[in-house]
Amino acid sequence: MPDMPLPDGVTLESGEGPQEVAEALAADVARFLVQRLERADRASLVVSGGSTPLPFFRALSQVDLDWSRVDVLLADERWVPEGDPASNTTLVRENLLQNKAADANFLSLKQVGATPEEGLPRVRSALAGLKLPLDVLILGMGNDGHTASLFPDAPELPEAMDPESRDLVLAMNPPSQAQQRITLTRPVLAGARYTALHLKGDDKLDTLTAAMARPEAVMAMPVRAFLKPGLKVFWSP
């Protein structure tokens with residue numbers, strides 16, 4: 001277990017390798033989803049892309065629960081076609097929406113449109129049935145302190161990070177990134193009943209330490225907005 005101070009109410013679970021941590025996260029998420037489905041007709045599961053969550057996706061896809069009552073969506077997406085190597089939608093379809101999780105209902109953030117701005121009305125329509133607050137949210141984090149597509153250099157960041165924003169999703173155009181993006185906004189993400197931050201590597205611990213040092217400076221490192229009581233950090237070397 002890494003020896004590092006944590007904000008009040010934030011817990012850290014670590015393991016010897018990515019597979020062990022992914023399985024622990026999958027088990028914890030499954031327990032929460034089962035509990036939610038005992039109280040509600042449907043449950044929502046919001047995940048993040050990239051390589052880190054792959055073993056988590058595969059482990060969770062094997063869990064026995066009523067997946068037909070689970071709505072799955074991404075916290076953010078690159079505005080690229082399905083099948084593109086950069087598509088997180090493709091990543092989720094091929095690794096999470098398999099096995100027992102094949103019956104889940106996937107709500108895609110990538111819709112028809114040359115740009116995310118053009119596609120926004122269709123994205124909002126696709127998410128019209130999504131009930132808030134979200135049930136389960138799994139976030140990742142970049143070494144610049146971004147999470148979802150809340151990038152420090154995105155001109156749309158002030159709007160996306162506004163705690164009073166009524167927008168569910170927004171287009172993001174960070175100059176540091178090769179693709180245009182679409183993301184759920186801070187208030188939507190921050191309201192989730194269960195939030196986990198899934199990290200891998202010593203560099204991510206360094207970034208997390210820097211983020212915890214100045215929690216008030218959320219625009220410089222947007223992940224700081226989510227370092228609050230109830231957050232569960234799952235980390236592996």
Side-chain angles (χ1 to χ4, degrees), residues 44-53 57 71-94 96-97 105-192 195 197-198 207 211 217-226:
S44 54
L45 168 63
V46 180
V47 297
S48 298
S51 59
T52 297
F57 288 167
D71 297 313
V72 175
L73 65 155
L74 282 155
D76 67 310
E77 176 61 296
R78 301 177 180 96
W79 202 257
V80 297
E82 282 195 45
D84 187 291
S87 170
N88 286 323
T89 296
T90 300
L91 194 79
V92 168
R93 289 193 189 279
E94 293 181 349
L96 175 57
L97 303 178
N105 178 42
F106 183 63
L107 305 174
S108 180
L109 295 187
K110 177 61 177 72
Q111 299 291 329
V112 175
T115 66
E117 288 85 356
E118 184 179 319
L120 267 177
R122 293 182 179 87
V123 177
R124 293 185 178 119
S125 178
L127 301 183
L130 182 67
K131 293 183 178 180
L132 297 179
L134 301 172
D135 289 312
V136 174
L137 169 64
I138 313 299
L139 291 172
M141 180 187 70
N143 286 334
D144 60 354
H146 86 267
T147 190
S149 278
L150 302 171
F151 285 88
D153 66 334
E156 303 88 353
L157 186 66
E159 186 178 2
M161 289 289 287
D162 181 357
E164 304 301 321
S165 174
R166 295 181 178 273
D167 286 307
L168 183 65
V169 287
L170 284 175
M172 303 293 282
N173 294 278
S176 61
Q177 301 302 304
Q179 300 96 0
Q180 294 176 293
R181 308 272 183 137
I182 189 163
T183 189
L184 298 181
T185 60
R186 173 185 177 178
V188 174
L189 296 169
T195 304
L197 185 61
H198 188 193
T207 302
V218 296
M219 300 304 286
M221 298 181 76
V223 73
R224 288 172 170 147
F226 304 95

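A donor-acceptor pair under 3.5 Å is absent between the side-chain atoms of Arg181 and the main chain of Met172, judged by distance alone. In this structure a side-chain-to-backbone donor-acceptor pair under 3.5 Å is present from Trp79 to Gly113. The main-chain N or O of Gly140 is found under 3.5 Å from a side-chain atom of Thr147 such that the two form a donor-acceptor pair. Counting only distance, with no hydrogens or angles, the side chain of Ser48 and the backbone of Ile138 share a donor-acceptor pair below 3.5 Å. Side-chain atoms of Arg186 do not come within 3.5 Å of backbone N or O of Asp162 as any donor-acceptor pair. Between the side chain of Thr185 and the backbone N or O of Asp167, at least one donor-acceptor pair lies under 3.5 Å. In this structure a side-chain-to-backbone donor-acceptor pair under 3.5 Å is missing from Arg78 to Gln179.
Two residues are said to be in side-chain contact when any heavy atoms from C-beta on lie closer than 4.5 Å; Leu74 and Thr89 meet this criterion.
Note that the CG atom of Leu107 and the OG atom of Ser44 stand 9.0 Å from one another [nearest 0.5 Å].
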Anything under 3.5 Å between a donor and an acceptor, one on a side chain of residues 124-133, the other on a protein residue two or more places apart or in another chain? List them.
none

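Using modelled atom types, one finds no donor on one side chain facing an acceptor on the other under 3.5 Å when comparing Gln180 with Thr115.
Applying the ring-ring contact (aromatic ring centres under 6.0 Å, His included) test to His146 and every residue at least two apart in sequence or in another chain returns Phe151.
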